[in-house]
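Quick notes on the structure that follows.
Residue numbers start at 1 and run along the sequence shown. All of these numbers come straight from a predicted model, not from anything done at the bench. The basis for the numbers below is simple: all heavy atoms, side chains too, and nothing from hydrogens, waters or symmetry mates.
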Amino acid sequence: MPIKVRLKPDTTEKKLIARLNTPARVQRHLNDLPYNTEPHGRATLRSFRGVVRAGCAHCLEAALFAAVVLESHGYPALLLSFESIDELDHVIFVYRQKGRWGSIARSRDPGLHGRKPVFATPQALARSYMDPYIDFTGRVTGYVVVNIAELMGNYDWRLADTNVWKVERVLLDHPHRPIRSSDRRVDQ
């Protein structure tokens, strides 16, 4: 059952939400923002409002930004969370268009950015991230798709002026489905 969202964005936020009315527009907007490298050792987990004000985003911040914007245009607030062996997890916003799955994502690695809606299932979409995810220490081990609006209940993850660490904790604690890849594929 969809949750009725009562956003009270300011005028700047309302205009931005109105302008970014498709997944492609949201992805382009996020691509134009600098990546949040969390300078000076200050970790952040900003809400949509925080991203707008700071003008930068890392993966989970970008996923939350996309969820708020596209939820306002009728998309469910679906996030796909990846687990990896090196604990460098990745979170993306996922959506369905014409029965196919796509994603909006931001990363330091362009191979981990969004995907057009061409995937038959969330698992197929998740698998499309496996090869770009592999490095000397990383490998995807699991994934889960959650409706963050339902999962967070009344917690203000959309417009909070402070960090929204509870979102990260909920995603980390949520059971992920195993996703396997061969050692041979990873070792190449």
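Cluster membership for V170 and L159, using ILVMFWY side-chain heavy atoms within less than 4.5 angstrom, is shared. Taken together through direct or relayed side-chain contacts under 4.5 Å among Ile, Leu, Val, Met, Phe, Trp and Tyr, L64 and W165 form part of one hydrophobic cluster. F48 and Y35 sit in two unconnected hydrophobic clusters of ILVMFWY residues. Membership requires side-chain heavy atoms under 4.5 Å apart, directly or through other members.
In plain terms, the two heavy atoms of I179 and A126 that are nearest each other are CD1-CB, 4.1 Å. Nearest heavy-atom pair, D161 versus R53, reported as atom, atom and distance to 0.1 Å: OD1-NH1, 2.7 Å. Taking all atoms of both residues into account, the shortest heavy-atom contact from P122 to L80 is O-CD1, 4.1 Å. A pairwise comparison of heavy atoms in N36 and R46 identifies ND2-NH1, 3.0 Å as the closest pair. The two residues I104 and A66 come nearest to each other via the heavy atoms CG2-CB, 4.0 Å. When all heavy atoms of A105 and Y129 are compared, the closest pair comes out as CB-OH, 4.1 Å.
When atom types are taken as modelled, the side chain of E71 and the backbone of P76 share no donor-acceptor pair closer than 3.5 angstrom. N163 contributes a side-chain N or O that, together with a main-chain N or O of L45, makes up a donor-acceptor pair within less than 3.5 Å. Using a distance-only test at 3.5 Å, with no hydrogens or angles considered, no donor-acceptor pair links the side chain of H90 to the main chain of S81. No donor-acceptor pair under 3.5 Å is formed between the side chain of E150 and the backbone N or O of N147. No donor-acceptor pair under 3.5 Å is formed between the side chain of S103 and the backbone N or O of F93. Put simply, the side chain of R19 never gets that close to the backbone of I17: no donor and acceptor are under 3.5 Å apart. Between the E83 side chain and the T141 main chain, no donor and acceptor come within less than 3.5 Å of each other. Of the possible polar contacts, one joining the E13 side chain to the D10 backbone as a donor-acceptor pair under 3.5 Å is found. Proximity of a side-chain donor or acceptor of D109 to a complementary backbone N or O of G111 within less than 3.5 Å is detected. Checking side-chain atoms of T22 against main-chain N and O of R25 turns up a donor-acceptor pair under 3.5 Å.
Checking R106 against H113 by side-chain atom types alone, a donor-acceptor pair falls below 3.5 Å.
From D173, atom CG reaches atom CZ of R169 across 4.5 Å, with rounding to the nearest 0.5 Å. Atoms CG and CG, from L70 and L20 in turn, are 8.0 Å apart once rounded to the nearest 0.5 Å. For the atom pair CZ of R100 and CZ of R115, the computed distance is 15.5 Å after rounding to the nearest 0.5 Å. Atom CH2 of residue W101 and atom CD of residue Q123 lie 12.5 Å apart, to the nearest 0.5 angstrom. The distance from the SG atom of C56 to the CD atom of E38 is 9.0 Å, given to the nearest 0.5 Å.
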Next on the checklist: Does H29 form a ring-ring contact (aromatic ring centres under 6.0 Å, His included) with F65? I'd like the steps, not just the answer.
Outcome noted: CA-CA 10 Å; H29 178 79; F65 177 95; 5.3 Å; yes
Checklist entry - Does the pair V94 and I92 meet the rule for a side chain to side chain contact (heavy atoms under 4.5 Å, CB included), with working shown? => result CA-CA 6 Å; V94 296; I92 62 178; 3.9 Å; yes
Item to check | CA sep, side-chain torsions, deciding dist, call: K166, Y155, side chain to side chain contact (heavy atoms under 4.5 Å, CB included) | outcome: CA-CA 8 Å; K166 186 175 178 181; Y155 181 74; 3.5 Å; yes
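Two residues are said to be in side-chain contact when any heavy atoms from C-beta on lie closer than 4.5 Å; L16 and T12 fail this criterion. With a 4.5 Å cut-off on side-chain heavy atoms, K98 and P117 do not count as touching. Taking 4.5 Å as the limit, some side-chain heavy atom of L60 sits within range of a side-chain heavy atom of L171. Using a 4.5 Å heavy-atom cutoff, the side chains of L78 and I148 are not in contact. Residues V69 and N21 form no side-chain contact, since every pair of their non-hydrogen atoms from C-beta on lies 4.5 Å or further apart. Side-chain contact check for L125 versus V118: every heavy-atom pair is 4.5 Å or farther apart. A 4.5 Å side-chain heavy-atom check between H176 and F82 finds every atom pair outside the cut-off. L33 places a side-chain heavy atom less than 4.5 Å from the side chain of V51.
Both tests do not hold together for R127 against F119: distance to the six-membered ring centre under 6.0 Å, angle to the ring axis within 45°.
Partners of A160 by side chain to side chain contact (heavy atoms under 4.5 Å, CB included), not counting sequence neighbours, listed by chain and number: S47, D156, T162, V164.
Counted within 6.0 Å of CZ on R177, heavy atoms from surrounding residues, nucleotides or ligands total 12 or fewer; the atom is thus considered open.
Taking the six-membered ring where tryptophan is involved, the planes of Y95 and Y75 are perpendicular, since the angle between them exceeds 60° and thus also 30°.
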